[in-house]
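What follows is a set of notes on a single structure, which appears directly below.
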Number of protein chains: 2
Amino acid sequence: MNGERVTVGRPRASSRGTIEDAAAELFLEQSYDGTTIDEITQRAGVSRATFFNYFSSKSDLLWMDADHAIERLEECLASGAPLFDSVALVAAEVGPERVPLAVTQSDVMGTRDELVASGLARVARVAALVHAAIAAETGQGRGGLALTVRANSVAGAIVAAWGAWIRGGVARRPLSDYISDALALVQL
Amino acid sequence: MNGERVTVGRPRASSRGTIEDAAAELFLEQSYDGTTIDEITQRAGVSRATFFNYFSSKSDLLWMDADHAIERLEECLASGAPLFDSVALVAAEVGPERVPLAVTQSDVMGTRDELVASGLARVARVAALVHAAIAAETGQGRGGLALTVRANSVAGAIVAAWGAWIRGGVARRPLSDYISDALALVQL
DNA sequence: ATCAATTTCTGGACTGAGTCTAACAATCCA
DNA sequence: TGGATTGTTAGACTCAGTCCAGAAATTGAT
């Protein structure tokens, strides 16, 4: 999104990746709840303040890949691509390694309300994008009940597909398979 | 749910209602973010510890009515009533005063991520109930993609209806009108 | 070389939510 | 009167997230 920096000022250290790695380790050793930001930054050899330089909250660590996909979806839609095409495109870009930490290790990390909430915040972003896209494509105003029901339905299908893909385990087919199946079910 | 208490032990003071009232006042005077639990309990003339005796988090204050409706839905479903009937029944019980604080005053209270998240947690509860109910009614196993897509779709419709009802302002029709409209849209 | 501008990194202080515990208060029942 | 039970309280504690002032590392201009 913002990769263009014309090399002025102090260059970034490798902080971001180091923090991610340290966090992933600690979340496995202890749980998510049982790990403090202090511990993460200590293991990463970085100050606590730096953490918030890269992440706006602890739970952000768990949804990096999802956030990236959502940003890609937003870009595609902004460039004028149709909704279903955009979703298919982004789904095709998501590799099998992109299952978020939050879910793969939801057993070992005590999944608390905060986790659920942070995950749902992503769902809400998707729903908002879908809503805007459908409104634009159909030319409807954005206030109608029918439009919102339709948007929630499509967003729900996307989320359901993503969940099924995650739960598919190592034998999972590509995400785009699940997505197209789910979208077909709501494609009236 | 748990109203039956055979009057043993120290009786509850009027704490709960007092806290709710104090909170509602303060949220209007200042914002939600700008109000601390300390202030709420001070105005209510109650200790801070008592707050957590009645509410498990600050954001619970905003969703009391929604939580009540969700509990009613759960009860109806548990008693074996069909999903759509249960939803209609609970919707009919919801009076026009039941628009949650979180939404009516979302202008004056700086609606932050925490608020969105706490609201979405309720959506998730609804979705889970709907999912279980549909699984029971159709006899399907709970793992299938089609089932989840359908459940998310219905839950999304319920939420959309509830949102439209809220945004209807003082001129809103009964909630059950919005609900039946929305469910009709997903009643394939 | 030196200096200014810019950006990252750091330490530390601070706020406020949520947890926990031990004690105290009010009630019922024996 | 004296448990048993339940509600209330004060206070200490942990941790996430905010804020700020300053140090460190770099580029480009003088």
Side-chain angles (χ1 to χ4, degrees), chain A residues 2-20 22-23 26-27 30-63 102 109-119 121, chain B residues 1-20 22-23 26-27 30-63 102 109-118 121:
Chain A
N2 213 345
E4 57 283 20
R5 264 242 302 100
V6 266
T7 183
V8 61
R10 176 174 178 167
R12 305 184 98 109
S14 57
S15 311
R16 179 171 196 118
T18 318
I19 292 174
E20 290 174 5
L26 285 165
F27 289 169
Q30 315 160 354
S31 63
Y32 173 82
D33 283 342
T35 304
T36 68
I37 295 182
D38 266 315
E39 291 173 310
I40 296 173
T41 53
Q42 275 167 29
R43 177 166 303 194
V46 137
S47 95
R48 204 182 102 93
T50 298
F51 177 90
F52 290 100
N53 213 320
Y54 286 98
F55 306 92
S56 62
S57 79
K58 186 183 169 187
S59 54
D60 275 8
L61 285 170
L62 300 171
W63 301 104
M109 28 179 101
T111 301
R112 243 210 1 229
D113 282 354
E114 182 203 353
L115 261 192
V116 178
S118 63
Chain B
M1 186 79 78
N2 211 346
E4 58 283 19
R5 264 243 300 102
V6 267
T7 182
V8 60
R10 176 175 178 168
R12 306 186 96 107
S14 59
S15 311
R16 179 171 193 116
T18 318
I19 293 174
E20 290 175 3
L26 284 165
F27 289 170
Q30 312 159 357
S31 62
Y32 173 82
D33 283 340
T35 304
T36 69
I37 296 182
D38 267 315
E39 291 173 310
I40 296 173
T41 54
Q42 276 169 27
R43 177 166 303 193
V46 136
S47 94
R48 204 183 102 93
T50 299
F51 177 90
F52 290 101
N53 213 321
Y54 287 99
F55 306 93
S56 63
S57 80
K58 186 183 169 189
S59 55
D60 275 8
L61 286 170
L62 301 171
W63 302 104
M109 27 180 101
T111 301
R112 243 208 2 226
D113 282 354
E114 181 202 354
L115 261 191
V116 178
S118 63

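Just so it is clear: chains get the letters A, B, ... in the order the sequence lines come, proteins before strands, and each one is counted from 1.
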Q. When you measure from the side chain of B:Tyr32 to the backbone N and O of B:Ser59, does any donor-acceptor pair fall under 3.5 Å?
A. yes
Q. With sequence neighbours excluded, what pairs up with A:Asp60 under the salt bridge (charged side-chain N to carboxylate O under 4.0 Å, His left out) test?
A. A:Arg122
Q. Do any pairs count as a salt bridge (charged side-chain N to carboxylate O under 4.0 Å, His left out) and have a residue in residues 40-51 of chain B, sequence neighbours left out, and if so which ones?
A. B:Glu25-B:Arg43, B:Glu29-B:Arg43
Q.
From CG of B:Leu26 over to P of C:dG16, roughly how many Å is that when rounded to an integer?
A. 13 Å
Q: Take atom CZ of B:Phe52 and atom P of D:dG11, then tell me their distance rounded to the nearest Å.
A: 17 Å
**Q.** Whole angstrom value for the distance that separates C1' of C:dT19 from CD1 of B:Ile37
**A.** 12 Å
Check nucleotides 9-12 of chain C for protein N or O atoms closer than 3.5 Å to its own N or O atoms and list the pairs.
| from | atom 1 | to | atom 2 | distance (Å) |
| --- | --- | --- | --- | --- |
| C:dC9 | OP1 | A:Ala13 | N | 2.8 |
| C:dC9 | OP1 | A:Ser15 | OG | 3.0 |
| C:dC9 | OP1 | A:Tyr54 | OH | 3.3 |
| C:dC9 | OP2 | A:Tyr54 | OH | 2.9 |
| C:dT10 | OP2 | A:Ser47 | N | 3.0 |
| C:dT10 | OP2 | A:Thr50 | OG1 | 2.8 |

**Q.** By ring-ring contact (aromatic ring centres under 6.0 Å, His included) - contacts of A:Phe55 (at least two apart)
**A.** A:Phe51
Q. When the distance from CG of B:Asp33 to C1' of D:dG17 is rounded to whole Å, what number comes out?
A. 13 Å
Q: To the nearest Å, give me how far apart CG (B:Asp38) and P (D:dG11) are.
A: 12 Å
**Q.** Contacts of B:Thr50 that satisfy side-chain hydrogen bond (donor to acceptor under 3.5 Å, both in side chains) - sequence neighbours left out
**A.** B:Ser47
Q. Within this structure, what is the CZ-to-P distance between B:Phe55 and C:dA17, rounded to whole angstrom?
A. 15 Å
Q: Could you check whether A:Thr35 gets within reach of a base, just the sugar-phosphate, or nothing at all, counting any heavy atom under 4.0 Å?
A: sugar-phosphate
**Q.** Value in whole Å for how far the C1' atom of C:dG16 lies from OH of B:Tyr32
**A.** 12 Å
Q: Would you please name every residue forming a side-chain contact (heavy atoms from CB on, under 4.5 Å) with B:Glu39, sequence neighbours left out?
A: B:Leu26, B:Gln30, B:Thr35, B:Thr36
